[in-house]
Participant: 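One structure is given below, represented as structure tokens, and several questions about it will come after.
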Amino acid sequence: MVVDFRLVAKLLTPALFVFGLITFIPAIYAHINEARGGTAFYFTGCISIFISFIFYMIGKKAGQYPSLRVLFLFTTSLWVIVSLISAIPFYYDLPDINIYKAIYESCSALSTTGSTVITNLDSRPNAILLWRAILQYVGGVGFVALAVIILPISAMGGMSIFRTESSSFDDSAKYTPHIKIMALSLIIWYIAILGLCTFLYVVGGFDLFRAITTAMSTVATGGMTPTDMSMNGTTPFIQYTAIIFMFISSCPFMLILSSLAGNYLQFFKDQQVRGFLMINLVIAISVAVSLVFKNDYSIEKAFRISLFNVVAITSTTGFGLEDFTLWNHFASMAFLFILAIGGCSGSTSGGIKTFRLQICFSMYKTQLLKLIHPHIVSEPRFKGKVIDPGTLSAVITYMVSYIALLAVSSVIASILGLDLGDSVTATISCLSNIGPAMGTTLNPSTNFSQISDALCLLFSCDMILGRLEILPVLLCFTRTFYKL
């Protein structure tokens, strides 16, 4: 058998069991606070655990060593199944949300996209708001853990860069205790920054519930908040806190841990981090200048609001703080330019990723040099090393896949009723897991509550594809994947 489906079931068993236990958290919260909304979560948790038991029975006699195809199918299946299961509470507890919008909301939260189809958030059950935050948090750390343990061997471009973050990371070590300890260290770091971010939000004036749920969204670079206002009306202290943690969560976690272990300057010497920082500062300062001269903002407010929104977009968090599409034409063009960039590899952020753009730019420079000097020996470089052909091929393949999927999805969205601006920017937002779009009806001032059921399903697929970096998911739907 080319793909061992029993082994896929075996791998799904513990993941779905743990997810079922996590589902009880908002149920217990609702019970303790005598709030509505607990029943749906108990029901959802039981379903997840029951499905894990079925998979356990199927996979009892499965082998021990998964192939690359098994890992691809496991990862795709896990995200699809969990997205469907986690939609149950939205459908059950929110009468105005149908099954398609419930699926959209769960996919948006798990993929840390952060766009929502739920209106009047301030009047919704706290258990539902907590559930959205938990899904973002689990989606963020789940992606990082999968990236460290499973996805690096895929050599699909994005994950292979993990090898450059740690000299001891290689294919032969992927299931050794060292890798497991590394994944555990990532989770501990993830919890630690959540605690610190929550504390600072409380200091800044948030109540404990809003602080925890917003912190979960921040460190997961999700963007969903428990209020319709998002970050509007918050204090400068809160906004600067969000900027710091959005940026940190967009940087390679393994690199951060390595720097904290002793080599403190390693973080700032990293080419990808420096490139990501430079993009944020250049765009933020440029937009701030336009706000000062065209919108009469004070210098401090212009820099703060500009930097917040730029980091929110590049980190793919998508928090709302004013509508940047209403500032001026230059600002709109600047945000359109950075809409798909994303953060760094090995972080919770989505998007194309900074390193891919750096590799493409290196290839561009090399090709220009060879056109001028045909006999020169020059190769694209990243982090001071020659980029191997496999990585170059993977990056090009990913970029072509992203553009092709963007084109196809945008056309389908326009057929389903969206105009050109909404179709393209909403598709970019979903594929890059950002949140806000930049169209006429879908923009930072609105949400996705008015889109049709068909668009909900289309954008849900885009979000999952974008979160898993497109290619592993698409491969699972090809005939060749299941042949020798």
Participant: Parallel, tilted or perpendicular for Trp189 and Phe253, by the 30°/60° rule?
Facilitator: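 Perpendicular, since the angle between the ring planes exceeds 60°.
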Participant: Can you check whether Thr119's main-chain N or O pairs, donor with acceptor, with Asn447's side chain at less than 3.5 Å?
Facilitator: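 No, Asn447 side chain to Thr119 backbone: no donor-acceptor pair under 3.5 Å.
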Participant: Measuring centre to centre across the rings, with the benzene-like ring taken for any Trp, is Phe41 within less than 6.0 Å of Tyr29?
Facilitator: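 No; Tyr29 has its ring centre 6.0 Å or more from that of Phe41.
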Participant: Using modelled atom types only, decide if a donor and an acceptor are shared between the side chain of Gln136 and the backbone of Arg132 within a distance under 3.5 Å.
Facilitator: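 Flag set: sc Gln136 to bb Arg132 pair under 3.5 Å.
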Participant: Side chains of Asp419 and Thr440: do they bring a donor and an acceptor to under 3.5 Å?
Facilitator: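 Asp419 vs Thr440: donor-acceptor pair found between side chains.
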Participant: Under the salt bridge (charged side-chain N to carboxylate O under 4.0 Å, His left out) definition, can you give me all pairs with a residue in residues 72-98, not counting sequence neighbours?
Facilitator: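 For residues 72-98: Asp96-Arg124.
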Participant: Check for a donor-acceptor pair, side chain of Ser249 on one end and backbone N or O of Ala220 on the other, with a separation under 3.5 Å.
Facilitator: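 Between the backbone of Ala220 and the side chain of Ser249 there is no qualifying donor-acceptor contact (under 3.5 Å).
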Participant: Classify the ring geometry between Phe19 and Trp131 as parallel (under 30°), tilted (30 to 60°) or perpendicular (over 60°).
Facilitator: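 It falls in the tilted class, 30° to 60°.
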Participant: Regarding Asn98 and Asp453, is there a side-chain donor-to-acceptor distance under 3.5 Å anywhere?
Facilitator: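 Side chains of Asn98 and Asp453: pair found under 3.5 Å.
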Participant: Is a side-chain N or O of Ser393 found less than 3.5 angstrom from the main chain of Gly390, in a donor-acceptor match?
Facilitator: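 Here the side-chain-to-backbone pair does not exist.
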Participant: For Glu105 and Thr116, test the side chains for any donor-to-acceptor distance below 3.5 angstrom and give the result as yes or no.
Facilitator: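 On atom types as modelled, these side chains qualify, holding a pair under 3.5 Å.
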Participant: Please, which pairs that meet ring-ring contact (aromatic ring centres under 6.0 Å, His included) have at least one residue in residues 416-439, sequence neighbours excluded?
Facilitator: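 For residues 416-439: none.
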Participant: Is there a side-chain contact between Ile283 and Thr314, using heavy atoms and a 4.5 Å cut-off?
Facilitator: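 They are not in side-chain contact.
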Participant: Does OH belonging to Tyr100 count more than 12 external heavy atoms closer than 6.0 Å?
Facilitator: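 No - once you tally the heavy atoms of other residues, nucleotides and ligands closer than 6.0 Å, there are 12 at most.
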Participant: Do you see a donor-acceptor pair shorter than 3.5 Å between the side chains of Thr354 and Gln272?
Facilitator: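 There is no such pair between these side chains.
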Participant: Indicate whether any N or O donor in one side chain lies under 3.5 Å from an N or O acceptor in the other, for Ser349 and Ser347.
Facilitator: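 Short answer, yes.
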Participant: Give, for atom CE of Met216 and atom CG of Leu130, the distance between the pair rounded to the nearest 0.5 Å.
Facilitator: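 CG of Leu130 is found 6.0 Å from CE of Met216.
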Participant: Please check if the number of heavy atoms outside Phe50 that lie under 6.0 Å from its CZ is greater than 12.
Facilitator: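 Not more than 12 within 6.0 Å, no.
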Participant: Under 6.0 Å from the CD1 atom of Ile54, do we count more than 12 heavy atoms belonging to anything else shown?
Facilitator: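 Counting neighbours around CD1 of Ile54, more than 12 heavy atoms of other residues, nucleotides or ligands fall under 6.0 Å, so yes.
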Participant: Hey, are the side chains of Tyr92 and Thr39 touching, using non-hydrogen atoms and a 4.5 Å cut-off?
Facilitator: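 Side-chain contact under 4.5 Å: yes.
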Participant: Taking the side chain as every heavy atom from C-beta outward, state whether Cys251 and Phe267 have any pair of such atoms under 4.5 Å apart.
Facilitator: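 Result yes, sub-4.5 Å side-chain heavy-atom pair found.
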Participant: With side-chain hydrogen bond (donor to acceptor under 3.5 Å, both in side chains) as the criterion, how do Thr227 and Thr225 come out once you've worked through the C-alpha distance, each side chain's angles and the decisive distance to 0.1 Å?
Facilitator: CA-CA 5 Å; Thr227 173; Thr225 63; 5.8 Å; no
